[in-house]
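Right, one structure below, let's go through it.
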Amino acid sequence: MIRYVSGRLAQSILVMFLVAAVAFSLFGFVGDPIRQMITEDASQAEIERLRDVMGLNDPISIQFWRYISGAVQGDFGVSYFHKRPVGTLIAERMPATVELAGLSVLLSVLIGIPLGVYTGLNRFGRVARGLMAVSLIGISIPTFLIGIMLIYLFSVILGWLPSFGRGDTVSILGGSWSTGFLTISGLKSLILPSITLALFQTTMVMRLVRAEMLDVMRTDYIKFARARGLGKRAINFRHALKNTLMPVVTVIGLQLGNVIAFAIITESVFQWPGMGRLFLQAIQQVDIPVMSAYLIMIAFFFVIINLITDLAYYAIDPRLRSNTLKGTANA
Amino acid sequence: MSLLDLKDLKIHFDTRRGTIEAVRGIHLSLERGEILGVVGESGAGKSTIGNAIIGLLDPPGRIAGGEIWFDDRRIDTLSEQGMRAIRGRRIGMIFQDPMTSLNPLLTIGDQIAETICRHSDLAKGPAMERAIELLGEVGIPDPSSRVNDYPHQFSGGMRQRVVITLALCADPDLVICDEPTTALDVSVQAQILTLLRRLCRDRNVGAIFITHDMGVISEVTDRVAVMYRGRVVETGKTSDVLTHPTHSYSKSLLAAVPRSDVRLDHFPQLDYREAGDTRAERKVIDLATHWLGRRAAEPAANDTPLVQVDNLTMRFALHHSVIPSWRRSFTAVRDVSFEIHSGETFGLVGESGSGKSTVARMIAGLYQPSFGRIRYDGTEIAGPEAQVMSASMRQQIQMIFQDPFSSLNRRKRVSEIVSEPIRHHRLAQDKAEADAIVADLLEHVGLGAQAARCYPHEFSGGQRQRISIARALATRPQFLICDEPTSALDVSIQAQILNLLKSLQAELGLTLLFISHDLPVIRQMCDRIGVMKTGELVEIAPAEHLFKAPQHPYTSHLLSLMPQVAGQGKLERVNDR
Amino acid sequence: MPETSAPATLSRWQRIRQSDIAISFLASPVTVAAAVVALLMIIASVGAAFIAPQNPYDMGAIDIFDAMLPPAWEEGGDARFLLGTDAIGRGILSTILYGSRMSIFIGLVSVALSLLIGVSFGLIAGYRGGLIDAIIMRTAEVQLALPTILVALLINGILRAVAPPSTLDNVAILVLILSIGLSNWVQFARAVRASTMVERGQEYVLAARLIGIGQLAIMFRHILPNVLGPILVIATLNLSGAILTEATLSFLGVGVPPTRPSLGTLINDGTNFLFSGAWWITIFPGAALALLVLTVNLVGDWMRDVLNPTLE
Amino acid sequence: APTAAEENVLRWSSQAAIANLDPHGTTGALPLSILGNVYEPLVGRDKDMQLVPVLAESWEVVTPTTWRFKLREGVTFHNGNPFTADDVIFSLERVGNKYSFLRDRVSMIKEMNKIDDLTIEFVTNKPYPILPQTWTSIYMMDKEWAEKNDATVPSNSVENIESFAGQVSNGTGPFTVVERVAETRTVFEPFKDYWDTVGHNLDKVVYLPITQDGTRVAALLSGEIDMMFPVPLQDIERLKSNADTDVLIQPELRTIMLGMDQRREDALQTEPEGNPFKDKRVRQAIYQAIDINGIQEKIMNGLSEPAATLISPLLFAPAGDMQRYPFDPEASRKLLAEAGFPDGFKTALVCPNNRYVNDERICQAVTSMLARVGIEIELRTMNVSQYWKVVGRPVQEFAIYMMGWTPGGLDSYSVLFNLMGSWDEDSGRGRINNGDFANERIDEIVAAVESETDQAKRDALIQEAYQIVHDEVYYLPLHQQAVVWGVRNGIEVMQRPDDYFQYKSARIAR
Ligand SMILES: Nc1ncnc2c1ncn2[C@@H]1O[C@H](COP(=O)(O)OP(=O)(O)OP(=O)(O)O)[C@@H](O)[C@H]1O
Ligand SMILES: Nc1ncnc2c1ncn2[C@@H]1O[C@H](COP(=O)(O)OP(=O)(O)OP(=O)(O)O)[C@@H](O)[C@H]1O
Ligand SMILES: [Mg+2]
Ligand SMILES: [Mg+2]
């Protein structure tokens, strides 16, 4: 177990290195950072001078090496655009994104799973079919459209909820984390963006659970559980749901990662001061230090999430823990 | 009023290909304290009746007519809610398939305790203690540590005992047992049967006992119903029916019961066919011309045994850990050595959980042994110098799995399942020929060519087992491992299939490793027999020798427990020592 | 055991009609309706050139003075433009027809690509485990960390460098398909892998191994049908995502040219006009997309069920 | 002190967050304009874009290369330090730092001489008549404060330096920054000891960046903000029709135009082979095929000023007298036929899609207009970070491209030197002449204008150059776009053509 986890973490270093390498090799395609930083009427000579000064004229491999040797020492550089250390920039924006992503994934799980169970059990029910159709709205309307429409309805017309931003935040954990969960305006501000973000995932979770439920409910052990007179709840949730969880856990893990990493559209629409916006800005500004550090961090993130998902598999399914088949697959 | 009354019960399956009438109007009743045996053709609708009583027919099955009365209440019209109050608490059910009846993700203990909690007001802790106690009662060794195991860590017979425990743990008034002892060795079987009997007598519980084992029927049941093609053709007191069957199907069935006293060349077979049976006439196989008789290459007849097993040991890891002292493992097979000669049938008997299936799987190359080596035809196929099995070797070694339910891919049609080995080993020229072979094989296992178009879930347990057999035969194997090949079959089909195996052996020199709990069958089939107990091979002897003069005390213990069919000559017991 | 016998000789058509799939298809009116709608949409978009009242891709036919007309039935509408016009004077109806062709093509092909890669890798990783699993899954993590936008820029850069300039138009579509396809395979791979790890221990897999069937065949022929459930769900849900991603990428200049708008681009542009009252620019294409997604998912749901023979 | 309810708080919004408070650490127009409320330059501009003294009371040209600036007396920084010549020298040196992106603005300085505490002399390398114009957004910092806080160099990513001044401000301006939450808000309060009298009645200004146009409009409509810009043209009606909001409109200084590749022998993506844009008739044909009024009416909602040349008449009055070639597809087709393209030709156009007002739509309209005279165009649009790379030197991957230009220092010289002169690597002349046409006379004029100090002569020269560009159709000028601000009723702000929002001129009516 410990060896497995540490082995995976060791592999993650390779992953992060590869991500950094790929990222660096594609910065050439993103644009020219100097032009993003300098005034439009700057002279060519000045541009060239700055290129030189910033080392952008060096071969990519040298730039990469320079970056990696800094990164290994925990120094991810200073953003071209923000002129601040990248670590600080990310740390400032992390709470906003994590809270939004966490809440929306939580919402999607809390709503998606029961709905999935329900629609799976009542396959031909009218309500279930209605839910199935309605759930598609969440994925067939683009996020930005949903966001704008929610804003229009709840902020402009009804005036109930703020249309942008995080509201008031409170610093906790010795100031290292700013949370919107502790103020009224912070909570109000979370509502629209988290709904917008959760829609797609709720649909996904719901449909996956339903699909798997349909299979599981036909198995002999469910039939036997019913024959033993077990209660509906025990059967649906203890026996059936648990057996549907593998793909659901997988997808939730990936979605959580995706939402944290690239919730760009939602964050833009609601002016959410999170990492997605930071990254989008970095792409637009060709802010190489931010992009690299960000991607490396995201890689690490996914490594962790996937590790947790894999561990969850083993927690969920004891058959995976047995090693009878190891090495015999090619016998 | 009787405990259970079935009045003109009809059950239909509406499939895409039309309606299948599985049960065609039967009347049955059961008194408190009575044990009713149900025997009959595999696929006759026995399990379907059981499922219908408890209100859990597999879709698309439905009750097309008739009534079910339980304890003076009509229950076939009850709501799901109403049924839930009855299930488990009032009617206990043991489904035919113990392998898939248990939730793979929950421990054995959890599943028992939750059922106990549901039907009593015990808290979780005491319920778990009760679970351990119950497991002990059904003969699971070391129950307090094994409650924490998961179903896949149990052998087939052990799982069956868990299922029995689960069905009985809430003290129901009626138990429906669908082949509850097929996977059990005779000693455990005897234990379970005693338990059931006691339950019925002492607590006035009614029981329906579905089985193919005439010995069991004769030993435990009060009355017996014989089913054929969705109808009850005969009912009566067990002793009457067994000794003086009136319906000709019953006669043919009883004639096919394997004898435990003498060894015969072939199983007696008597064909009964009802007018209107659309299935093709049962064919006698002529191996000289038949496809199964066509062999790619005769194995070189030499003195080396075909299969050689040396010091085989299998350890399952139960708990992985970095720290060696935390690791737990379970030695399922310890130091087993034997050899099987070409053209021979080697039997493996022994208590349930003794490692028979594990040995079989290692020989088949499905498990990697922890120690020891296996040689096939001189080539080492498992062990330190193991070679990769060649395609032809793969074709030569086949296995019939103990569990016919999970060994069939649920998403494939029978035709695909059976033709797969043929296509893979290019045993047929073209698709048409392959289809013909499949149809023929299905006929020979008594399913009929029609079966090819269906999916496994549309079949009864015995029918699925026959699909599995057809698949194993499809490669024209040289060496066939049979892990309980006929446990779910009625004796008449059993006779048909075992006769087929015998003639394959006689004419083509097929070698068999035959695992069974059915000692009469073992006696009829095997040349030499190995006896296993807790992972070790305690005795190997020629069949007749073993039955007449068992050496090991365990062997004689086993033989003494063999259930007897009333009317058949008792086995002459030769005391050991 | 079913005993209803089928007549020995059937015409081809009869056989098709009697196949399980046809029967269950015809038994589900919702699916039939969905399939018909989906089919109509596909036909309409493929045949856009014949159906559409205008050709919105022909820039010469567009008149700036037709811009921002409301649907024909609204005040100020123009009979030529049933669903109104967009900001530069393209008829919305015609543009939807032309645009869905591009969108459907890109959506389907890119989802198919991620499906292909993801399912293959997932099966191999789940079945083989060990080093191969580690390599595939670490690759997946690298992929996950790279957003579609960057992948698109990378592929665009490479393709533009190697492709002759005359093919640049098609390059745009290739870039979209590759980058969207490559960005989404991990979901499939991880879901398939999870289920495969469980399935590979099942007895039917052992049975197949016993026959001597190769690993690839076991994975694809035996395990795949049993792990397909979640895959179909993810695939059908990803379709709309792919169509919309395409629009987002166009923003970076790696997508389809603005003179040949896709459904996604149209919706994207249209949102700018929501407040100004020109709702038709985004609502109609949005509805078309929603309809497409809905029907595809309905057909997908049905297909899932059909592929599972235990569900009747 | 007034309670929160009585406070006059102005909440406003624009597109980008102020990434950094360092006045020398950014080149963006928006952050510089916002920082203009905190820091001040020596010389500024009034609402008509005329130069006005700010921290310099006056300035004069002593010799063509020597400028003397007299500083304002009694100015203090927010921390109470007096503003002196040392601060000026320090600030300009700081701007000239090796890693500064504003270094261009001070690179003409050879030396700086402090005459006394409030007088300073600058010596330039060569005559530089637009020195004050160049410095309107070069802000003055407090030397002592900067040295104390180790903020003597602007932040830079080469040496991984984050300047203290990036997070904390200390200017001489009418407002101070009191709170900052990254990406979320910046709060300003009036500086009590500000040297000038102010007309505002604000107690607090909160800047809340909102990137998305739709969200920004919604926030104004819902009353969460009081003022914002830019307003997307299509939403003007919505804000006008809403009872609580209104819009302010002014022409902007930037001129939008199209350029063409006039250098390559074979223009890219152009068929048949060859470079049609080398032919003046073709250029004029394109010019006359563009219906600028259509664009104005349908795409710019009437809010654009068709341009006849490359500069706004607001910046160079004679430009107002020039006439566009009339829109005339017939003439256009004829010209094409004369040039040997009776059936037109195929070519390509690249445009940004998030740089100028409705840039992509304009290009689509142009594409459709050109299609009508037979010029078939492959349009490619992209985000600006890609755009400059593709269009700018040395890649120049276009046949026709779009571009907008606000002359640096708001003086025509910038247009002449950068856009019209032929490319000269050493001096940087013609740097933005991406189409690479060359006209000797223009190059002569560029040289002459550079050091011509007689205003009338200079204007005449400039006009001549514009005329040449017009006659030769080197560029296809389109229009000047408009500046549109949205405000809530009761808010008075002074709108400027350069989008600078000066808090000191804002009032909240109660
Ligand atoms: N995957 C596993 N992990 C741990 N223990 C296992 C596993 N598979 C089997 N065992 C254990 O190995 C022992 C032997 O099992 P096996 O299936 O070989 O028994 P068997 O002789 O075939 O019994 P039966 O007659 O009941 O089928 C049992 O005690 C079982 O619990
Ligand atoms: N899901 C189903 N779909 C279609 N037919 C079915 C289905 N389940 C059972 N049948 C049919 O119903 C009949 C009765 O099956 P049942 O399982 O009751 O037989 P059985 O008497 O228990 O046989 P066995 O002794 O082999 O277990 C069989 O012919 C079978 O083909
Ligand atoms: Mg049965
Ligand atoms: Mg076994």
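Residue numbers begin at 1 in each chain, while the letters A, B, ... track the order of the sequences.
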Looking only at heavy atoms, which two atoms of [X] and [Y] are closest? And how far apart?
{"X": "A:R226", "Y": "B:L56", "result": "CZ-CD2, 3.4 Å"}
{"X": "B:Y150", "Y": "A:P318", "result": "CD2-CG, 3.1 Å"}
{"X": "A:Y221", "Y": "B:N103", "result": "CB-N, 3.5 Å"}

### Message
Quick one: does any side-chain atom of A:R228 pair with a main-chain N or O of B:R118 as donor and acceptor, under 3.5 Å?
### Response
no
### Message
Please report the interatomic distance CZ(B:R411) to CG(A:D215), rounded to the nearest 0.5 Å.
### Response
5.0 Å
### Task
Under 4.5 Å, counting heavy-atom pairs only, tell me which of A:A225, A:G231, A:G229 racks up the most with chain B.
A:G229
### Query
For the candidates A:D220, A:D317, A:I316, A:I222, which exhibits the highest count of non-hydrogen atom pairs separated by less than 4.5 Å from chain B?
A:D220
Are any of the side-chain heavy atoms of [X] and [Y] separated by less than 4.5 Å?
{"X": "B:L106", "Y": "A:K242", "value": "yes"}
{"X": "B:P104", "Y": "A:N243", "value": "yes"}
{"X": "B:L105", "Y": "A:H239", "value": "no"}

### Task
Answer with side chain, backbone, both or neither: which region of B:I91 has an atom nearer than 4.5 Å to a non-hydrogen atom of chain A?
backbone
### Query
Is chain A contacted by the side chain of B:N51, its backbone, both, or neither, given a heavy-atom distance below 4.5 Å?
side chain
#### Entry: Cationic N near anionic O, under 4.0 Å, B:D97 to A:K223
no
### side chain to side chain contact (heavy atoms under 4.5 Å, CB included) between A:L230 and B:R87, intermediate numbers included
CA-CA 8 Å; A:L230 294 187; B:R87 289 186 201 131; over 6 Å; no
For the interface with chain A, which of [options] has the highest count of heavy-atom pairs at distances below 4.5 Å?
{"options": "B:T100, B:D110, B:I54", "answer": "B:T100"}
{"options": "B:A85, B:G88, B:S101", "answer": "B:S101"}
{"options": "B:H119, B:R361, B:M93, B:R89", "answer": "B:H119"}
{"options": "B:I381, B:I94, B:V163", "answer": "B:V163"}

### Message
Around atom CD of B:E80, are there more than 12 heavy atoms from other residues, nucleotides or ligands closer than 6.0 Å?
### Response
yes
